[in-house]
Protein chains: 2
Amino acid sequence: MDVDTRLLRSFRAVAEEGSLTRAAQRLYLSQPALTKQIRQLEERLGARLFQRSKHGMAPTAAGEALAAALPSVLDAWDAARRAVRGAEAEASRVLRVGFLASAANEKTQPIIARFRECRPDWRIELRQASWGDPAAGLVSGEVDAAFMRLPFPRQDEFASLALLTEPRCVAMAAGHPLARRESLRFEELLDEPFIAAPGAAGAFRDHWVAADARGGRPVKVGAVAEHPDDWLTAIANGDGIALAPASAARYYARPDIAYREVEGVAPSTVALVWPKAVPPSGPLSDLIAAAAALAD
Amino acid sequence: MDVDTRLLRSFRAVAEEGSLTRAAQRLYLSQPALTKQIRQLEERLGARLFQRSKHGMAPTAAGEALAAALPSVLDAWDAARRAVRGAEAEASRVLRVGFLASAANEKTQPIIARFRECRPDWRIELRQASWGDPAAGLVSGEVDAAFMRLPFPRQDEFASLALLTEPRCVAMAAGHPLARRESLRFEELLDEPFIAAPGAAGAFRDHWVAADARGGRPVKVGAVAEHPDDWLTAIANGDGIALAPASAARYYARPDIAYREVEGVAPSTVALVWPKAVPPSGPLSDLIAAAAALAD
DNA sequence: AGTATCGATAACCTGACGTTATGGATGTCG
DNA sequence: CGACATCCATAACGTCAGGTTATCGATACT
């Protein structure tokens with residue numbers, strides 16, 4: 001009987017959450033979709049994996065057996081995937097590095113240049129990811145490392161080297177009434193509609209609407225943006241405002257957008273990030289050294 | 001990046017065969033379907049896994065890396081699946097045994113009765129499989145053991161205990177001209193249309209059209225049958241004839257079907273079969289002992 | 001009784017993935 | 001050199017798998 005690792009991850013989420021509804025939220029699926037997945041897994045395995053009740057889903061003995069055996073399967077696949085990626089990188093002499101928006105700002109090019117001095121016959125392929133994947137291809141294994149803004153989903157599975165920290169500011173349409181001010185406090189922005197990242201971005205999305213500074217009040221989402229382009233457009237159109245790193249005023253300057261200082265929100269850190277499961281060696285180690293030499 | 005083990009098995013088949021076309025045949029898929037699968041795997045892994053040429057598919061370094069890592073993944077999943085099945089059997093006190101057609105003939109019930117004496121609080125659930133799955137649920141892991149006719153696909157992965165051997169006869173419509181004879185030679189049947197098992201049955205299908213006794217001549221297929229019912233109907237309707245175990249004359253007697261002796265084809269063996277990867281213990285071991293006591 | 005929460009089911013829609021048919025490239029043979 | 005064979009890739013098409021929203025039944029709580 002074949003299985004998709006996606007089904008196994010769904011099973012694991014249900015087993016950990018003890019609830020279909022909560023697991024579905026965590027997986028960014030609807031509850032019926034997850035119900036079907038679990039039923040499908042049960043039917044194909046020929047075993048009832050959960051005892052259903054009003055209180056949720058309690059694993060059966062068979063369910064416990066699967067939960068116990070699951071790490072071996074997922075880790076084996078993860079290792080296989082990394083082995084493929086490693087062989088491909090060696091064969092092509094390309095290190096793939098994911099990034100969002102402006103990567104590591106002005107440090108990006110010097111880091112790459114430094115790496116190139118160290119490894120003249122290698123090259124770095126930069127891959128931009130959408131905000132729907134704030135881990136910039138690291139979780140999926142498409143890239144070897146990434147320039148990322150903290151926090152991002154599943155951060156505990158990765159090692160990171162902080163490169164720079166910068167304050168956050170607020171971006172709004174140039175004609176917005178608050179744009180007449182040089183500096184704002186975050187409480188003044190609580191009722192404004194915000195441009196948010198997609199739901200699947202999880203903690204990353206929460207961070208960029210400063211959910212932790214809202215005292216439990218839900219954010220009003222004016223629009224959802226996946227890329228800098230649509231984000232800029234939505235802001236300029238007045239669909240909402242957004243928190244942004246201070247560097248955005250340099251990298252994304254436009255006459256129809258005003259960037260203003262804001263107090264009451266934590267600064268933003270950019271880090272070079274790589275999987276903990278991959279002890280750095282060879283080219284990856286060199287990239288990390290290059291970045292460390294230029295870190296704040 | 002998630003993956004379905006089915007894709008991994010497809011990859012393995014291509015890597016082993018070194019040819020998409022031959023691997024597609026082995027997997028009972030069309031070649032374009034398999035092309036798509038491999039392309040999908042390559043795209044999602046972000047690596048070219050094969051070098052394509054007129055001569056076939058040669059694995060790249062990345063492809064070799066995946067081939068090397070693959071057994072760990074598939075074995076881990078196999079172990080997980082068996083752990084689930086084992087926990088389920090223990091919890092429900094049910095041993096699942098697959099079978100085709102008449103199982104182990106008259107020995108079936110005595111074996112089960114003997115097992116019950118040994119394990120009074122256990123029970124055996126018999127599951128009939130179609131001829132599209134001549135391994136009767138063993139390969140897919142749906143059952144713990146099976147009464148099977150040799151040969152069956154992937155037989156080398158299983159241990160077997162031969163229970164009985166019986167000659168094969170030929171079944172045909174009662175009004176067939178050859179039915180007037182008591183005994184026939186297989187060469188006399190070479191031009192007759194045969195009722196065959198589905199293509200996915202592989203070696204099992206070949207065995208029951210006696211491909212090995214045809215000297216390379218292809219069999220003419222009059223109809224395909226998946227179950228004894230449609231097989232009997234097709235024979236009675238004159239769509240074709242078929243080889244059958246001698247016991248079929250007892251278990252599947254009908255006034256419109258004649259069973260006749262045939263020389264020149266090997267006899268048929270029924271065995272109790274279980275996975276080599278599962279050293280028999282507990283209830284499975286008891287079932288094997290019960291069957292051994294009644295074997296020829 | 002009203003409300004909240006849980007998982008299950010129904011209806012619906014989209015896209016994934018299979019098939020057959022065909023094509024391009026290369027090699028072999030008469 | 002032309003005909004044929006063989007390989008993998010691509011196109012067109014059809015089916016159904018798997019997602020969604022809406023709703024339901026069961027239970028618990030106030």
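Nothing here was measured: the structure is a model prediction, and the numbers come from that model. Letters A, B, ... mirror the listed sequences (proteins, then strands); counts begin at 1. Hydrogens, waters and symmetry mates are skipped; everything else that's a heavy atom, side chains included, is used.
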The helix from dA1(C)-dT30(D) to dG30(C)-dC1(D): angle between end helix axes, five pairs per end, rounded to 10 degrees |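 One end's axis against the other's: 10°.
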In whole Å, I'd like the distance from the [atom1] atom of [X] to the [atom2] atom of [N].
| X | N | atom1 | atom2 | answer |
| --- | --- | --- | --- | --- |
| Arg6(A) | dA16(C) | CZ | P | 12 Å |
| Ile38(B) | dC7(D) | CD1 | P | 16 Å |
| Leu34(B) | dT20(C) | CG | C1' | 16 Å |
| Glu43(B) | dC17(C) | CD | P | 12 Å |
| Arg39(B) | dG18(C) | CZ | C1' | 18 Å |

If you find the nucleotide of DNA chain C closest to Lys36(A) and the one closest to Gln37(B), which residue's nucleotide is nearer the 5' end?
->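 With Lys36(A) and Gln37(B) compared, the 5'-side residue is Lys36(A).
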Excluding sequence neighbours, so at least two apart, what forms salt bridge (Lys or Arg N to Asp or Glu O under 4.0 Å) with Glu142(A)?
->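 Glu142(A): no salt bridge (Lys or Arg N to Asp or Glu O under 4.0 Å) contacts found.
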Would you please name every residue forming a salt bridge (Lys or Arg N to Asp or Glu O under 4.0 Å) with Glu192(A), sequence neighbours left out?
-> none
Using only side-chain N and O atoms of Thr35(B), determine if any of them is under 4.0 Å from OP1 or OP2 of dA9(D).
->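 The answer is yes; a side-chain N or O of Thr35(B) sits under 4.0 Å from OP1 or OP2.
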Of all residues at least two apart in sequence or in a different chain, which pass the side-chain hydrogen bond (donor to acceptor under 3.5 Å, both in side chains) check with [X]?
| X | result |
| --- | --- |
| Asp78(A) | Arg81(A), Arg82(A) |
| Arg52(A) | Glu42(A) |
| Arg127(B) | Glu125(B) |

Nucleic acid contacts - residues 12-33 of chain B versus DNA chain C, non-hydrogen atoms under 4.0 Å = Leu29(B), Ser30(B), Pro32(B), Ala33(B)
For DNA chain D, determine which residues of residues 45-67 of chain A have any heavy atom closer than 4.0 angstrom to one of its atoms, and list them numerically.
-> Lys54(A)
Mind jotting down which residue pairs meet the ring-ring contact (aromatic ring centres under 6.0 Å, His included) criterion with at least one end in residues 9-50 of chain A? Sequence neighbours excluded, please.
-> Phe11(A)-Phe50(A)
Ala47(B): side chain to side chain contact (heavy atoms under 4.5 Å, CB included) partners, not counting sequence neighbours = Val84(A), Glu88(A), Ala62(B)
For the atom pair OG1 (Thr233(A)) and CD1 (Ile235(A)), what is the distance rounded to the nearest 0.5 Å?
-> 9.0 Å
Which donor-acceptor pairs under 3.5 Å do the side chains of residues 202-211 of chain B make with protein atoms, sequence neighbours left out?
residue: Arg205(B); atom: NH1; partner: Ala197(B); partner atom: O; Å: 2.7
residue: His207(B); atom: NE2; partner: Arg168(B); partner atom: NH1; Å: 3.3

Answer yes or no: is there an ion pair linking Asp121(B) with Arg93(B), defined by an N-O contact shorter than 4.0 Å?
-> yes
Side-chain donor-acceptor pairs under 3.5 Å in residues 222-232 of chain B, sequence neighbours left out?
residue: Glu226(B); atom: OE1; partner: Ser130(B); partner atom: OG; Å: 3.1
residue: Asp230(B); atom: OD1; partner: His227(B); partner atom: N; Å: 3.2
residue: Asp230(B); atom: OD2; partner: Glu226(B); partner atom: N; Å: 3.0

